[in-house]
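A, B, ... follow the sequence lines: proteins, then strands. Residue 1 opens every chain.
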Amino acid sequence: MIDLRALREDPDRFRASQRARGESESLVDDLLAADQQRRAAVSRFEVLRAEQKQLGKRVAKAQGEERQLLLARTKELAQQVKAAELAGTQAEAALRAAQLAVSNLVEDGVVAGGEDDFVVLREVGERPDLREPRDHLELGELLGAIDTERGAKVSGARFYFLTGQGALLQLALLQLAVQQAVEVGFTPVIPPVLVRPETMEGTGFLGAHASEVYHLPADDLYLVGTSEVAMAGYHANEVLDLSGPKRYAGWSSCFRREAGSYGKDVRGIIRVHQFDKVEMFSYCRPEQAAEEHLRLLAWEEEMLAKVELPYRVIDIAAGDLGSSAARKYDCEAWLPSQGRYREVTSTSNCTTFQSRRLNIRYRDESGKPQMAATLNGTLATTRWIVAILENHQQPDGSVRVPKALQPLVGREVLEPVRR
RNA sequence: GGAGGGUUCGCCUAGUGGCCGAUGGCGGCGGUCUUGAAAACCGCUAGGGCGGGGAACCGUCCUCGUGGGUUCGAAUCCCACACCCUCCGCCA
């Protein structure tokens, strides 16, 4: 939900933002119109209501005939008040709808365009020199680490078992991520993965992403696609002390329907219905958000360095941001089997867009509550296993464990096993 | 699944139709007193929208779980729903 006051002051910024996203500029004008109408309707109601209150006080004091006279007048007024109130309520609803339709204001510096128009900020690390790289699934099967066949048998397509060394690797990876987060001051959190509709709604995932989300109709609960949902809802309707950023590292399983992705990444565990993730989540003051965003990115890169993956950082184009992000940086790890980079982290600055829906505030110097900014970023996920296996594979099918993971995995090399 | 209780301004609490945006206590903040502190006493202490002002502030409307209804008028009466809690059953 965008800032109406900012919109009134400078509608052209919002029009430009919509244009950069490839979204309709007229939504901005619809919103302005709805805002006007709501103001008019509300002030009409307020005038009538004030009058009604005044009269009511006189009725309370009046006696006999005078009272009867006043009652007659005030009855008539009550009808008008009711009508004006209804008009006001409708105008409010229309305004909200118009407000939800406009995406977040894009940060300055974000390039216009769509999915393929990102800007590469840097490439880091050395790509392995592999003559005939095995892909992660082949490696995973050799190692007895990934079992997609039984995943399909038990749960269907896009489900898998991580077994043996695979399970150890994931636990180690996520544990390393949590350790890093805790070292720099994050509060580790294991959140619920089922959330109420208003929480899902508040984080914006029931909009364009609605078909991506698992819903349990018997209980009207949603399975989170990321712990961002639970972590954003965590401080909903609260006024926070944000003298410094509040940082949480949420570890959860994530669930995604992957509707409409038939045929994409069907092999292996790149795109699955369930995976685990350690997610950073920050609440801070809006003026600190851009800086915090870069910090989250730096921590992501630190993790990638620890597991010794070659990657590049891209600055996502406006049209590919999603409605709540003002800016988004992805880190993409090199996948030898595909000869290209694939997303392994994503960090978004949602400015006050999410807070406005979830009513998350802080007190500024004058003690007034203001909307907080929210940011999130991936610290490690199941998908990283794909990149780790492929980049650290050796000709015999074994996989070297990155140094930082060795103590946590309990070995230096993952060895093929007999099946 | 069944039965009951509850939801009021940070916390607790009063409030059964108009003088209630709402009592009292705790906590917090400020002041008096004090070398300092405590105690005592005094004052302030929800949020939001709109309008005015440089600002402190002032005016006004909205908000007593949510939505509807009754009424000239609702925290208060009626209906529905949500959430929380307790007990019983069931499952682990």
Tell me which pairs pass salt bridge (Lys or Arg N to Asp or Glu O under 4.0 Å) where either residue lies in residues 173-197 of chain A, with sequence neighbours left out. A:R196-A:E198
May I ask you to say whether A:R15 pairs ionically with A:D29, meaning some side-chain N is under 4.0 Å from a carboxylate O? yes
Please give the distance between the P atoms of B:U34 and B:A22 as a whole number of Å. 37 Å
How many whole angstroms separate atom CD of A:E85 from atom C1' of B:G67? 12 Å
Bracket notation of RNA chain B in which parentheses pair within the strand, [ ] cross earlier pairs, and | pairs with another strand (Watson-Crick or G-U, under 3.5 Å): ((((((((.[[[..)..(.....]]]((((((.......))))))(((((((....))))))).[[[[[..)....]]]]])))))))....
Whole Å only: how far is the CG atom of A:D241 from the C1' atom of B:G28? 15 Å
Reading 5' to 3' through nucleotides 45-55 of chain B, protein heavy-atom contacts under 4.0 Å coded B for base, S for sugar-phosphate only, - for none: --SSBS-----
Can you tell me how far C1' in B:G69 sits from the matching atom in B:U76, rounded to whole Å? 15 Å
Pairs satisfying ring-ring contact (aromatic ring centres under 6.0 Å, His included), at least one member in residues 44-77 of chain A, at least two apart: none
In whole angstrom, give me the gap between the P atoms of B:G59 and B:G18. 25 Å
Roughly how far apart, to the nearest Å, are B:G30 and B:C85 at atom C1'? 39 Å
Can you tell me how far C1' of B:G67 sits from CG of A:L86, to the nearest Å? 14 Å
Can you check ring-ring contact (aromatic ring centres under 6.0 Å, His included) on A:H235 and A:Y248, steps first, answer last? CA-CA 11 Å; A:H235 283 309; A:Y248 298 96; 5.5 Å; yes
Between B:C62 (C1') and A:E92 (CD): distance, integer Å: 9 Å
Sequence neighbours excluded, which residues qualify as side chain to side chain contact (heavy atoms under 4.5 Å, CB included) partners of A:E291? A:R295
Neighbour count above 12 (heavy atom, 6.0 Å) for A:R73 CZ: no
Applying side chain to side chain contact (heavy atoms under 4.5 Å, CB included), name anything that partners A:Q68, two or more places apart in sequence or on another chain. A:L71
Identify, with sequence neighbours excluded, every residue that meets ring pair (Phe, Tyr, Trp, His ring centres under 6.0 Å) alongside A:F14. none
Same-atom distance (C1') from B:C42 to B:C33, integer angstrom: 12 Å
Going by the rule ring pair (Phe, Tyr, Trp, His ring centres under 6.0 Å), which residues pair with A:F161 if we only count those two or more places apart in sequence or in a different chain? none
Would you indicate whether A:D12, at its atom CG, is surrounded by more than 12 heavy atoms from other residues, nucleotides or ligands within a distance under 6.0 Å? yes
Is any side-chain heavy atom of A:I269 less than 4.5 Å from a side-chain heavy atom of A:L137? no
What N/O pairs connect the protein and nucleotides 69-76 of chain B at under 3.5 Å? Give each pair on its own line.
unit_1	atom_1	unit_2	atom_2	d
B:C72	OP1	A:K75	NZ	3.2
B:C72	O2'	A:T74	OG1	3.1

Going by ring-ring contact (aromatic ring centres under 6.0 Å, His included), name the pairs with one or both residues in residues 162-200 of chain A, residues two or more places apart or in two chains. A:F186-A:W299
Which word best sums up how the rings of A:H273 and A:F159 line up, parallel for under 30°, tilted for 30 to 60°, or perpendicular for over 60°? tilted
Holding to ring pair (Phe, Tyr, Trp, His ring centres under 6.0 Å), I want the full list of residues that pass it with A:Y362, two or more places apart in sequence or in another chain. none
Could you work out the separation of B:G4 and B:U60 based on their C1' atoms and round it to a whole Å? 44 Å
Pairwise C1' distance for B:G31 and B:A39, with rounding to whole Å: 16 Å
Quick one: which protein N/O atoms are closer than 3.5 Å to N/O atoms of nucleotides 80-84 of chain B? Pair and distance per line, please.
unit_1	atom_1	unit_2	atom_2	d
B:C83	O3'	A:R196	NH2	2.6
B:C84	OP1	A:R196	NH2	3.4

Please state the P separation for the pair B:G52 and B:A40 - nearest whole angstrom. 47 Å
